[in-house]
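Residue indices begin at 1 and follow the sequence shown. Values below: every heavy atom of this structure, side chains too, minus hydrogens, waters and symmetry copies. Keep in mind that what you see is a predicted model, and the values were worked out from it rather than measured.
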Amino acid sequence: MSDRNVTLKLENVSKVFAKVESDEVTHALHNVSTTMESGEFISLVGPSGCGKSTILRLVAGLITPTLGKVTVNDVEVDGPHPQRGMVFQKPTLFPWLTVEKNIGFSLDMQGTLKGNEDKVARMLKVIGLEKFKDDYPAQLSGGMAQRVALVRSLINEPEILLLDEPLGALDAFTRMNMQDEILSIWAERKQLALMVTHDVDEAIYMGSRVIVMDANPGRIIADIKIDEPFPRDRSSASFVEYRNDILNKLHFGGKHTD
């Protein structure tokens, strides 16, 4: 379990970005309010431009709201913090460090690497890269590098884990294995996890809640509790029902004819 319970709130949050080529603005988010707690795994789904990644960046403290506020335990987020770990769409590794040293980097910076080498070894095993521990990022495939970036964030055991399409670069079988590994690690500590994905099945398989968003402006249109125990059966009637419900909300539920 996490050392403390956290409550993350977005209160009437709007975010506007100025367009470079004109005086117009993009309404990335409009009046978004939601509450999330430790022990939840929140999946964010919706079309491109609906503000999913904007929410992650606001929670991470990388950007600030135009209106409204983001708080953790009633303290307003005003910048990045090590207890809010983020995994980006593309791997962000240190090219001068080996795979093993990239994974252990945050522990090393905190002075806690000594005595925790087994955690690094376990993470290497989780992503199946024990044989590549002495390789450098330039020697890895894109999928391998993303696996390293993922476990580098997981090993720090943040109170809030932010995942921006972390598995998009992986092949289907590795992706499903990593879904299970992420859920296993999350289940150990029950921290709050918030994941952006374009894969509706992935959102349902991993999420205790699925927040469905729409664009122009970015807003929440549904917040669905996935009332199914883990591990989940992707072919069960209830799973298919959740999938159809979400696809209908995203206007992809209709039948097509040739």
Side-chain angles (χ1 to χ4, degrees), residues 34 36-48 50 52-53 55-56 86-91 122-123 125-129 141-151 153-154 160-215 220-258:
T34 187
M36 309 174 193
E37 306 275 353
S38 294
E40 292 189 300
F41 197 113
I42 311 292
S43 299
L44 288 173
V45 295
S48 295
C50 70
K52 302 184 300 296
S53 293
I55 288 178
L56 256 62
M86 187 156 178
V87 181
F88 295 91
Q89 291 173 339
K90 295 182 180 179
R122 181 195 168 196
M123 289 298 178
K125 187 175 181 180
V126 163
I127 58 176
L129 293 180
S141 69
M144 292 164 70
Q146 185 65 326
R147 280 183 270 169
V148 175
L150 176 62
V151 298
S153 201
L154 288 171
I160 300 176
L161 179 63
L162 305 169
L163 304 160
D164 194 355
E165 291 193 84
L167 308 180
L170 305 182
D171 66 85
F173 295 112
T174 303
R175 184 169 185 153
M176 285 188 283
N177 284 333
M178 285 302 298
Q179 288 170 0
D180 288 333
E181 292 296 347
I182 292 170
L183 287 172
S184 176
I185 294 167
W186 164 76
E188 285 182 11
R189 301 192 71 247
K190 290 292 188 182
Q191 75 262 64
L192 170 60
L194 181 57
M195 180 182 71
V196 165
T197 179
H198 280 96
D199 187 325
V200 172
D201 278 24
E202 181 170 85
I204 300 166
Y205 186 77
M206 300 184 71
S208 58
R209 283 164 60 193
V210 176
I211 292 178
V212 185
M213 301 186 66
D214 205 356
I220 294 173
I221 58 172
D223 189 337
I224 302 167
K225 182 180 180 181
I226 308 298
D227 194 15
E228 292 288 323
F230 292 104
R232 291 180 175 153
D233 180 356
R234 302 172 198 266
S235 62
S236 71
S238 57
F239 196 102
V240 173
E241 189 174 336
Y242 281 123
R243 179 195 299 134
N244 290 341
D245 183 25
I246 292 169
L247 288 174
N248 280 325
K249 285 179 168 56
L250 292 170
H251 313 296
F252 290 109
K255 293 181 179 179
H256 298 275
T257 57
D258 293 333

Next on the checklist: Could you report the tightest heavy-atom contact between I204 and I226, atom names first, then the distance?
Outcome noted: O-CG2, 4.0 Å
Checklist entry - Side-chain contact, heavy-atom cut-off 4.5 Å: L167 with D199? => result no
Item to check | With T197, the side chain to side chain donor-acceptor pair (under 3.5 Å) member among Q179, K52, E202 | outcome: E202
Item to check | Heavy-atom pair with the smallest gap, counting every atom of V45 and A203 | outcome: CG1-CB, 3.4 Å
Next on the checklist: Is there a side-chain contact between M36 and I211 in this structure, where contact means two heavy atoms from C-beta onward sitting under 4.5 Å apart?
Outcome noted: yes
Checklist entry - Is there a side-chain contact between D214 and H251, using heavy atoms and a 4.5 Å cut-off? => result yes
Next on the checklist: Nearest 0.5 angstrom please: L163 CG to L150 CG, how far?
Outcome noted: 6.5 Å
Checklist entry - What pairs meet the salt bridge (charged side-chain N to carboxylate O under 4.0 Å, His left out) rule with one or both residues in residues 240-250, with sequence neighbours excluded? => result D201-R243, D245-K249
Item to check | Distance in Å, M178 CE paired with L183 CG, rounded so as to fall on 0.5 Å steps | outcome: 10.5 Å
Item to check | Spacing of CD belonging to E165 relative to CG belonging to L56, to within rounding of 0.5 Å | outcome: 10.5 Å
Next on the checklist: With rounding to the nearest 0.5 angstrom, report the CZ to CE distance, R234 to M176.
Outcome noted: 5.5 Å
Item to check | Separation between OG of S48 and NE2 of H198, rounded to the nearest 0.5 Å | outcome: 3.5 Å
Item to check | Which atom of G46 lies closest to which atom of L250, heavy atoms considered | outcome: CA-CD2, 3.9 Å
Next on the checklist: Once rounded to the nearest 0.5 Å, what's the spacing between atom OG of S38 and atom CD1 of I160?
Outcome noted: 7.5 Å
Checklist outcome for this item: Between V240 and S235 the two heavy atoms that sit nearest each other are CG2-O, 4.3 Å
Next on the checklist: By the ring-ring contact (aromatic ring centres under 6.0 Å, His included) test, which pairs, at least two apart or in different chains, include something from residues 220-247?
Outcome noted: W186-F230
Checklist outcome for this item: All heavy atoms of G207 vs all of S43, minimum pair found to be CA-OG, 3.6 Å
Item to check | Closest approach of V196 to P166 (non-hydrogen atoms, all atoms of both residues) | outcome: O-CD, 4.2 Å
